[in-house]
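Take a look at the structure below.
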There are 2 protein chains.
Amino acid sequence: MRDSYGPGEQAAHDLIRGAAQAIGLEIAVDPIGNLRMTLPGRDRAGAAVFMGSHLDSVPQGGNYDGAAGVVAGLAIASGLQQAGVRLDVDLTIMAIRAEESAWFDVAYLGSAGAFGLLDPGCLAITRSDNGQSLEHTLREQGFDPTPIRERRALLDPAAIRAYLELHIEQGPTLVARELPVAVVSGIRGCTRFRNARCLGAYAHSGAVDRPYRRDAVAATVALLHHMESVWLQQCGSGADLVLTTGELYTDPALHGPSKIAGETHFVLDIRALSPATLDEVAASAREAAARIGDAYRVTFELGATSDSPPAVMDRRLRARLLGLLAQPYEMASGAGHDAAVFAKMGIPCGMIFVRNQHGSHNPDEAMALEDFALGADALLQLLLDFPL
Amino acid sequence: MRDSYGPGEQAAHDLIRGAAQAIGLEIAVDPIGNLRMTLPGRDRAGAAVFMGSHLDSVPQGGNYDGAAGVVAGLAIASGLQQAGVRLDVDLTIMAIRAEESAWFDVAYLGSAGAFGLLDPGCLAITRSDNGQSLEHTLREQGFDPTPIRERRALLDPAAIRAYLELHIEQGPTLVARELPVAVVSGIRGCTRFRNARCLGAYAHSGAVDRPYRRDAVAATVALLHHMESVWLQQCGSGADLVLTTGELYTDPALHGPSKIAGETHFVLDIRALSPATLDEVAASAREAAARIGDAYRVTFELGATSDSPPAVMDRRLRARLLGLLAQPYEMASGAGHDAAVFAKMGIPCGMIFVRNQHGSHNPDEAMALEDFALGADALLQLLLDFPL
């Protein structure tokens with residue numbers, strides 16, 4: 001467990017920094033704690049290639065989510081050092097802080113903070129376990145919240161030629177397809193109805209016939225069933241999309257086994273690589289909610305969406321990485337990664353997924369080192385195949 | 001609020017008993033507190049006509065659920081007395097105890113107890129508000145639990161020629177159809193999957209594509225949507241049926257907005273007038289759960305059903321009551337009534353529903369006395385139209 005801006009994450013930083021120093025990399029730590037480890041290239045003034053990931057984990061997380069990407073960067077730098085290969089440009093391995101939102105309820109604190117993208121209000125957010133504010137925590141760890149308060153960038157995007165990240169897949173696709181690695185096509189954006197409700201009327205389950213019901217469960221089932229057909233249609237026409245209702249509940253204070261439910265609460269989580277798909281599916285949900293609400297004499301209050309845009313990986317880097325794989329396979333990432341922040345800054349990004357058993361965000365995360373080596377090797381070959 | 005075997009119900013009994021004494025009815029109270037008020041007929045030895053309902057209410061209940069039926073009996077007896085009409089047989093108005101299951105979690109304590117039908121184990125059941133056992137409560141109110149312990153009947157079904165009950169509808173049908181009263185065709189039986197579950201696997205909502213999901217919400221939606229189509233089919237072929245899922249929830253300790261849900265809990269409440277319909281629909285649910293479970297890679301555990309059989313009202317009494325209405329209309333009762341217990345004993349039963357505004361089991365229950373009078377008058381005409 002490597003808690004964001006806590007002793008667990010710091011221990012990982014200390015370990016990685018020690019390893020980087022041992023192979024002679026240049027070390028820098030920015031004011032908010034991101035660790036940069038640089039293997040100098042021939043042209044020290046030009047834009048560098050960045051490679052990295054995060055070192056924090058969720059509570060009760062595993063060994064590989066994030067950390068594998070930092071270790072991959074170090075392994076590549078170490079291999080280049082040992083082989084006496086000098087790249088044309090600097091290679092900077094970045095061990096990023098606080099990617100997980102589990103601790104401070106904001107994702108990408110380290111990478112977004114490095115580009116001056118954070119809302120200063122986030123300094124007041126408290127850590128979920130100990131109630132300490134981000135500002136207090138940063139100071140306590142010897143870091144400086146000032147750049148966040150001033151929205152000051154600590155990295156110049158123009159000085160970064162490309163950002164490369166290796167990460168475990170976090171899903172079952174590569175295991176199911178018996179593939180060791182994949183190239184990531186992009187990080188799905190998310191449009192989420194976080195607090196959707198259906199309002200009907202409570203009534204006796206036996207005494208009210210169908211035409212007189214205002215059944216919130218029946219209407220919600222009809223809506224979610226319709227959304228599944230929208231999903232199948234979209235996928236049938238080639239769109240990348242996942243649709244999930246992970247929370248759905250009647251009111252435990254008011255529901256009952258012999259009652260018609262007067263209210264449901266639910267989440268509708270829409271993720272896709274294309275902003276147009278996100279918009280279309282959200283519009284379908286609103287249209288269906290109005291139509292099905294009328295038919296079932298209930299009211300849907302879908303509420304506002306929370307949105308994070310898709311981050312498409314660089315087309316050229318994707319093609320070159322695919323060409324380096326023995327079994328070329330490309331797939332979307334459903335989970336967010338620091339690469340999304342670099343992509344947002346206009347930096348060409350490339351990502352490699354490594355298959356992992358037992359899912360992620362749990363202590364049983366697993367990854368074969370053979371698979372990891374295949375992924376790291378693809379990134380190494382890409383670096384050698386200059387210019388990026 | 002007329003709490004079962006509590007001061008509220010007792011106050012109603014005292015009031016009704018006083019009114020019955022004032023018009024000269026014979027009074028008897030059985031060992032478990034049911035009040036019988038008899039208007040003597042010409043043939044005192046023959047089987048009597050019973051008329052009645054219960055005097056208790058749910059917590060925060062209204063004025064009419066149950067009580068209207070007892071008052072209707074008294075009004076009819078009073079009318080006969082005042083008009084100097086003597087019936088051929090005794091007319092016994094029965095004010096029944098504890099019909100509502102809200103207090104002791106068992107319905108029909110009074111009527112089922114009168115016929116020796118109660119499981120003696122019910123004496124240990126505690127009242128939901130004060131934790132006192134039924135046995136303790138009965139003794140405290142001056143009643144005797146012995147007949148319940150010995151399963152001893154306090155009424156001889158052979159001595160009851162017919163049971164008539166007036167009750168508010170409890171549903172919106174008569175209000176919607178602008179009808180003052182209806183004849184009840186029967187009391188729907190109920191087959192209920194009380195503790196159904198769907199077991200899938202929790203996973204990241206973005207990172208797991210459709211073919212790899214074990215999504216408990218999606219599978220539950222598919223099952224409930226299928227059951228709605230079964231409902232529509234059954235109704236299309238003329239069956240009486242209502243289907244309700246009044247409780248449905250993901251696990252608040254484990255669900256999340258960006259998670260696929262690994263588990264749902266739900267109720268499937270099936271009510272119909274025909275035992276065959278109940279069986280068919282329950283079988284459809286089991287068949288669909290197996291099929292949809294396979295398709296969604298989840299397991300449904302529907303569990304055992306709790307069952308109460310339908311109680312069909314007497315065909316001849318129904319026809320005669322219908323013939324007495326200016327606007328003849330027949331409908332099923334979805335809620336249970338004491339008439340179900342009398343019907344179970346093989347006693348011919350007839351029921352009249354009176355329209356009521358604002359539903360039932362709430363303080364806003366409403367009933368126009370004009371509608372009540374139409375219902376009571378139909379029962380009076382039926383009595384005069386001897387033999388039943």
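So you know, we letter chains A, B, ... as the sequences are listed, proteins then strands, and number each from 1.
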Would you please classify the geometry between the B/His361 ring and the A/His204 ring as parallel, tilted or perpendicular, with 30° and 60° separating the classes? perpendicular
Considering only heavy atoms, which portion of B/Arg192 lies under 4.5 Å from any heavy atom of chain A: side chain, backbone, both, or neither? side chain
Of A/Thr264, A/Val267, A/Val242, the largest count of non-hydrogen pairs under 4.5 angstrom with chain B goes to A/Val242
A/Arg194 portion near chain B, given a 4.5 angstrom heavy-atom threshold: side chain
Top contributor to chain B interface from A/Arg213, A/Gln170, A/Glu169 [non-hydrogen pairs under 4.5 Å]: A/Arg213
If you measure only the distance, is there a donor-acceptor pair under 3.5 Å linking the side chains of A/Arg271 and B/Ser258? no
Pick whichever of B/Arg188, B/Lys259, B/Met227 has the most heavy-atom pairs under 4.5 Å with chain A. B/Arg188
With a 4.0 Å cut-off, would you call A/Asp209 and B/Arg177 a salt bridge? no
I need the residue from A/Gly334, A/Ala218, A/Gly206 with the largest number of non-hydrogen atom pairs under 4.5 Å to chain B. A/Gly206
Most heavy-atom pairs under 4.5 angstrom with chain B, which of A/Asp215, A/Ile270, A/Asp269? A/Asp269
Heaviest contributor of heavy-atom pairs below 4.5 Å to chain A, chosen from B/Ser205, B/Cys235, B/Ala261, is B/Ser205
Given that the side chain runs from C-beta out, which part of A/Glu247 has a heavy atom under 4.5 Å from chain B: side chain, backbone, both or neither? both
Top of A/Ala335, A/Ala222, A/Gly171, A/Gly359 for chain B proximity - count of heavy-atom pairs under 4.5 angstrom: A/Ala335
Within the side chain of A/Thr244, is there an N or O that forms a donor-acceptor pair under 3.5 Å with the backbone of B/Ile260? no
Which answer fits B/Leu232, side chain, backbone, both or neither, if we ask what part of it has an atom under 4.5 Å from a heavy atom of chain A? side chain
Go through B/Tyr249 and A/Leu248 one step at a time and tell me if the side chain to side chain contact (heavy atoms under 4.5 Å, CB included) criterion holds. CA-CA 6 Å; B/Tyr249 49 96; A/Leu248 168 59; over 6 Å; no
